[in-house]
Enquirer: 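Could you have a look at this structure, given as structure tokens, before my questions?
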There are 2 protein chains.
Amino acid sequence: MLFSLFSKAVDRKRAKHYHKIIYYVLVHIKIVSGFGAIMATIKQISELSGVSRGTVDRVLNGRGHVSPEKERLVRSIAEQVGYTPNRAGKALAARKKSYIIGVLLASEGNPFFGEVIRGVHEAERELHDYGVKVVLRTQKGYDVAAQLAAMDEMGEDTNALILNPINDPAVAEKINALSDRGVQMYTLNTDIEDCRRLCYIGSDYFEGGRIACGMLGLLTGGVANVGILTGSVHILGHKQRINGFLDVMYKKYPKFRFLSIMETEDDDMIGFESTRRMLTEYPEIDTIFLAAAGVYGVCRAVQSFLPERRLHIVSFDHIPQTEELMRAGLIQATICQQPFAQGYEAVKLAFNSLMNGMPPAEQQFIVKNDIRILENL
Amino acid sequence: MLFSLFSKAVDRKRAKHYHKIIYYVLVHIKIVSGFGAIMATIKQISELSGVSRGTVDRVLNGRGHVSPEKERLVRSIAEQVGYTPNRAGKALAARKKSYIIGVLLASEGNPFFGEVIRGVHEAERELHDYGVKVVLRTQKGYDVAAQLAAMDEMGEDTNALILNPINDPAVAEKINALSDRGVQMYTLNTDIEDCRRLCYIGSDYFEGGRIACGMLGLLTGGVANVGILTGSVHILGHKQRINGFLDVMYKKYPKFRFLSIMETEDDDMIGFESTRRMLTEYPEIDTIFLAAAGVYGVCRAVQSFLPERRLHIVSFDHIPQTEELMRAGLIQATICQQPFAQGYEAVKLAFNSLMNGMPPAEQQFIVKNDIRILENL
DNA sequence: TTGTATGCGTTATCAT
DNA sequence: ATGATAACGCATACAA
């Protein structure tokens, strides 16, 4: 290989005499090897440019303290040889200090997050070799003060913090504060506006709503009296799902009649009661779009109050009761948002940014919505 | 940290005096650090056991030439400290020799494989740092002799070979021959029986068929006159899809009437003609299960000969015409088999086995079948 | 400003 | 059979 001309056997002085010739060759000849691109290393760049490895490192990592002409020279050569840092080498060197990635999930007792956590742990396992520590902390329910407190505590000793933020200005502010303190911030599963998070990892709720409507359109043959049950109109994701649903409904299904919308507050009991009232007020409802949690309560209400009629129901996510409800024929389809991938990718993204000292290229990592019926549950 | 007691500052002789004590402690006390498991290294094991790193390496990698008692000692300590090799270190050391992974795809002109190839390239990009070369070769159509010849050629200079095998005994035999020659063999997208491939990467065709039937059950309300179009009854995957379809049909949809099955030979023109004949012979058909390629030809036939009637059609895969056909309302749903993931995971799996010198833990890597409707295409 | 030396974990080579 | 040592690519503390 070309570069081995100046391996350790040849000292720097000889190299200095040759490096201009080599450089000339590099500039004017397109270099290819038998199998693909050459993998340039810092050492090779130092030999080609006649400066030390340390200087090359300083240039390539912008550490300063290097003369302009050498800087230009090194940059130029690195460009010519198409230098990209070697991850294995970086990882090994980085092992002395270890990165700590915090994961703060505000939702104990929400079965949806089980898979998210599995994904987090899988990423932790894979990154174990790279000296990464993952600190996971879960909280019960949506309490702004509690979330803020936990963020402060975890921000103390983490290099990156991943959380599913409560949609409250105080949380956005705290995200900015921690970001300024040097903690790389990520939002998981739900995003929050007006803050300096590096990336949102989660699903496209609007698309999820569109898919739900498309599915119900197919199931009903395009004719339906629709009732919608949402968690809370104040929760951004739920609202976006409903907007998506209505988007498809208005454009594609003129024979859909939208009769009523009520809230479950993500609770089975409240869902039961809301559904009961909805069905007594609008007994002609034959199709239910279930945009949030409380699925089991809603379905039980349907079963209790319209035992003879077969409604069309599409829900979200896959929780333990989902299979039972699908097997019973109450729910025909449920739309999942790849919870495992959300947890997994969030940790990996955070690690990669820490590793290369650069924020993720994309500000969003959107996981695909996933249609499930009984056969592929 | 515990192990640093015997860092380089302390010489081997002192270590030898202490290692039995430490060993005792290790055996009787469960070791935990603040953040999780200790990451044991070969160096630490050598210090604890009082043997050299070389010997530890010889034991842990089964290179032989080591006395039984030292072997037992090292094994025991490695077990106690829960040693797992560090991938970054391995990668760096392995860079001197570079692995070559061959990918042989027999299907030029089949749009399905575009995404598979994208997955292969993405894996290649990610593994670039680890000195992996991927050699991709594609072939037109299914010609056993051509595939055998290509296998022989590629087997010469590859450490692993991934291919979508033609279902022919000669191919199985060649897979065994190459395997015996030390090439690690993988089957991609379609499997083949009675051969020593290390792993099959692809979808579960039986499940795919079940999902298709479940979907048509939902679309038709459980009442349908069904026609099936397959590629060839001789192709294993197609047969499995049909078996899956019939499985659900018999168990769950007693009002499905199965009227006819014909072949498309994966060709649009033949598909058109087969469909035309099917629809003239059984004009009562209102539901079509499209288990193979030739999708466009079939749909055009439906459009030509039953322009007024609205059939229910479920197909497989996502090719360029699929979206047009769905938009036109001819196809309601198509079941995809994650082609990108197939290509990506195949290469990664092959690399991992080469890296740790161990075949994959599982003999199959099954990607999920994925329901698509117009809204999530 | 610039260069040198060392170490991260693993593997291979060379001595003994 | 066993131990010592160099090398892989990168980062950094230290020396000049």
Side-chain angles (χ1 to χ4, degrees), chain A residues 1 3-4 7-9 11-13 15-16 38-47 49-71 73-74 78 83-98 128-131 355-357, chain B residues 1 3-4 7-9 11-13 15-16 39-47 49-71 73-74 78 81 83-98 128-131 355-357:
Chain A
M1 181 174 283
F3 294 118
S4 59
S7 64
K8 63 185 179 307
D11 63 15
R12 163 149 297 103
K13 282 157 200 154
K16 282 207 179 189
I38 285 180
M39 305 191 239
T41 71
I42 284 186
K43 191 178 160 200
Q44 288 161 349
I45 293 175
S46 96
E47 286 163 354
S49 59
V51 304
S52 74
R53 301 211 290 274
T55 301
V56 176
D57 173 66
R58 279 184 278 269
V59 171
L60 262 32
N61 294 296
R63 307 190 203 283
H65 302 284
V66 62
S67 74
E69 57 266 47
K70 295 218 179 202
E71 159 119 26
L73 175 63
V74 170
Y83 172 78
T84 47
N86 180 293
R87 285 157 57 214
K90 269 180 113 79
L92 217 42
R95 248 188 75 107
K96 300 166 194 177
K97 50 177 185 195
S98 77
H128 191 257
D129 288 342
Y130 298 158
M355 188 72 151
N356 12 308
Chain B
M1 181 173 285
F3 294 119
S4 60
S7 65
K8 64 185 177 304
D11 63 15
R12 163 150 296 103
K13 282 157 200 153
K16 281 207 178 190
M39 307 192 238
T41 70
I42 284 186
K43 190 178 160 200
Q44 288 160 349
I45 293 175
S46 95
E47 285 162 356
S49 58
V51 304
S52 73
R53 301 215 292 276
T55 302
V56 176
D57 172 65
R58 278 184 280 267
V59 171
L60 263 32
N61 294 293
R63 306 189 204 284
H65 301 284
V66 59
S67 75
E69 59 265 46
K70 296 218 177 199
E71 160 119 24
L73 174 63
V74 170
V81 300
Y83 171 78
T84 49
N86 180 293
R87 286 157 57 217
K90 268 179 113 81
L92 215 44
R95 248 188 74 108
K96 301 166 194 175
K97 50 178 184 194
S98 78
H128 190 257
D129 287 342
Y130 298 158
M355 188 73 149
N356 9 307

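Letters A, B, ... mirror the listed sequences (proteins, then strands); counts begin at 1. These numbers were taken from a predicted model, which means no experiment stands behind them.
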Enquirer: Expected output is a numbered-order residue list: members of residues 55-64 of chain A with a heavy atom under 4.0 Å from any atom of DNA chain C. What is it?
Expert: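 Contacting residues: Thr55(A), Arg58(A).
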Enquirer: Between Lys90(B) (NZ) and dG9(C) (C1'), how many Å, whole number?
Expert: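 Taking NZ of Lys90(B) and C1' of dG9(C), I get 10 Å after rounding.
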Enquirer: So how far off straight is the helix from dT1(C)-dA16(D) to dT16(C)-dA1(D), going by the axes through five pairs at either end, to 10°?
Expert: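 Angle reported: 60°, given to the nearest ten degrees.
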Enquirer: Indicate the atoms forming the closest heavy-atom contact of Tyr83(B) with Ala40(B), along with that distance.
Expert: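 Smallest interatomic distance, heavy atoms only, reads CD1-O, 3.4 Å.
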Enquirer: To the nearest Å, give me how far apart CG (Asn86(A)) and P (dC10(D)) are.
Expert: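 Distance, rounded to whole Å: 5 Å.
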Enquirer: Only one of Arg63(A), Lys43(A), Lys90(A) forms a salt bridge (Lys or Arg N to Asp or Glu O under 4.0 Å) with Asp57(A), so which one is it?
Expert: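 The single option meeting the salt bridge (Lys or Arg N to Asp or Glu O under 4.0 Å) with Asp57(A) is Arg63(A).
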Enquirer: For Ser49(A) and Leu73(A), which heavy atoms make the closest approach, and how far apart are they?
Expert: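 Where Ser49(A) meets Leu73(A) most closely, the heavy atoms are O-CD2, 3.4 Å.
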Enquirer: For side chain to side chain contact (heavy atoms under 4.5 Å, CB included), just list the numbers for Ile45(A) and Leu60(A), CA-CA rounded to whole Å, side-chain angles, deciding distance to a tenth of an Å, and then say yes or no.
Expert: CA-CA 11 Å; Ile45(A) 293 175; Leu60(A) 262 32; 4.2 Å; yes
Enquirer: In whole angstrom, what separates Glu47(B)'s CD from dC8(C)'s P?
Expert: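 Rounded to the whole Å, the gap is 10 Å.
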Enquirer: Whole angstrom is fine here: how far is it from CE in Met355(B) over to C1' in dG9(C)?
Expert: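 Interatomic distance, CE of Met355(B) to C1' of dG9(C): 11 Å.
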Enquirer: Any chance you could measure Thr55(B), atom OG1, to Ile42(B), atom CD1, to the nearest 0.5 Å?
Expert: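 Going from the OG1 atom of Thr55(B) to the CD1 atom of Ile42(B) covers 11.0 Å.
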Enquirer: Tell me whether the side-chain N/O atoms of Arg53(A) come closer than 4.0 Å to OP1 or OP2 in dG3(C).
Expert: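 For dG3(C), OP1/OP2 do not have a side-chain N/O of Arg53(A) under 4.0 Å.
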Enquirer: Among Val59(B), Val74(B), Val51(B), Val56(B), which one satisfies side-chain contact (heavy atoms from CB on, under 4.5 Å) with Val66(B)?
Expert: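 Exactly one option meets the side-chain contact (heavy atoms from CB on, under 4.5 Å) with Val66(B), and it is Val59(B).
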Enquirer: Testing the basics here: between Ser46(B) and Ser52(B), what is the closest heavy-atom pair and its distance to 0.1 Å?
Expert: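 That would be CB-C, 3.8 Å.
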Enquirer: Can you work out whether Arg87(A) or Glu69(B) has the more 5'-proximal nearest nucleotide on DNA chain D?
Expert: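 Its nucleotide being nearer the 5' end, the pick is Glu69(B).
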Enquirer: Give the minimum heavy-atom separation between Ser98(A) and Gly131(A), together with the two atoms involved.
Expert: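 In terms of heavy atoms, the two residues are closest at CB-O, 2.8 Å.
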Enquirer: From dG9(C), dT11(C), dG3(D), pick the nucleotide closest to the side chain of Leu92(B)?
Expert: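 Nearest listed nucleotide: dG9(C).
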Enquirer: Looking only at side-chain N and O atoms, does Lys97(A) come under 4.0 Å of OP1 or OP2 in dT12(D)?
Expert: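 Yes, within the criterion.
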Enquirer: Under 4.0 Å, counting only non-hydrogen atoms across every strand here, what does Tyr83(B) touch: a base, just sugar-phosphate, or nothing?
Expert: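 Sugar-phosphate contact only - Tyr83(B) comes under 4.0 Å of backbone atoms but never of a base.
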Enquirer: Using whole Å, report how far CG of Leu73(A) lies from P of dT2(C).
Expert: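 Rounding to the nearest Å, CG of Leu73(A) and P of dT2(C) are 11 Å apart.
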Enquirer: Compare side-chain N and O positions of Arg95(A) against OP1 and OP2 of dG9(C) and report whether any pair is under 4.0 Å apart.
Expert: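 Indeed, a polar side-chain atom of Arg95(A) lies that close.
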Enquirer: Among dT2(D), dA11(D), dG9(C), which is the nearest nucleotide to the side chain of Ala93(B)?
Expert: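 For the Ala93(B) side chain, the nearest candidate turns out to be dG9(C).
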Enquirer: Can you check the Tyr130(A) OH to dA11(D) C1' distance for me, whole Å?
Expert: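 Whole-Å distance recorded here is 17 Å.
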Enquirer: Would you indicate, yes or no, if dT2(C) has its OP1 or OP2 atom less than 4.0 angstrom from a side-chain nitrogen or oxygen of Ser67(A)?
Expert: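 Checking dT2(C) against Ser67(A), a side-chain N or O does come within under 4.0 Å of OP1 or OP2.
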Enquirer: Just how far, in rounded Å, is P of dG9(D) from CD of Gln44(A)?
Expert: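 Taking CD of Gln44(A) and P of dG9(D), I get 7 Å after rounding.
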Enquirer: Any side-chain N or O of Lys43(B) under 4.0 Å from OP1/OP2 of dA4(D)?
Expert: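 No, no such contact exists.
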Enquirer: Return the value, rounded to whole Å, for the distance between atom CD1 of Ile42(A) and atom C1' of dA5(C).
Expert: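 After rounding, the reported distance stands at 16 Å.
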Enquirer: Atom OG1 of Thr41(B) and atom CD of Glu47(B): how far apart are they, to the nearest 0.5 Å?
Expert: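 Thr41(B) OG1 to Glu47(B) CD: 7.0 Å, rounded to 0.5 Å.
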Enquirer: Once rounded to the nearest 0.5 Å, what's the spacing between atom CG of Leu92(A) and atom CG of Asn86(A)?
Expert: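 These two atoms lie 10.0 Å from each other.
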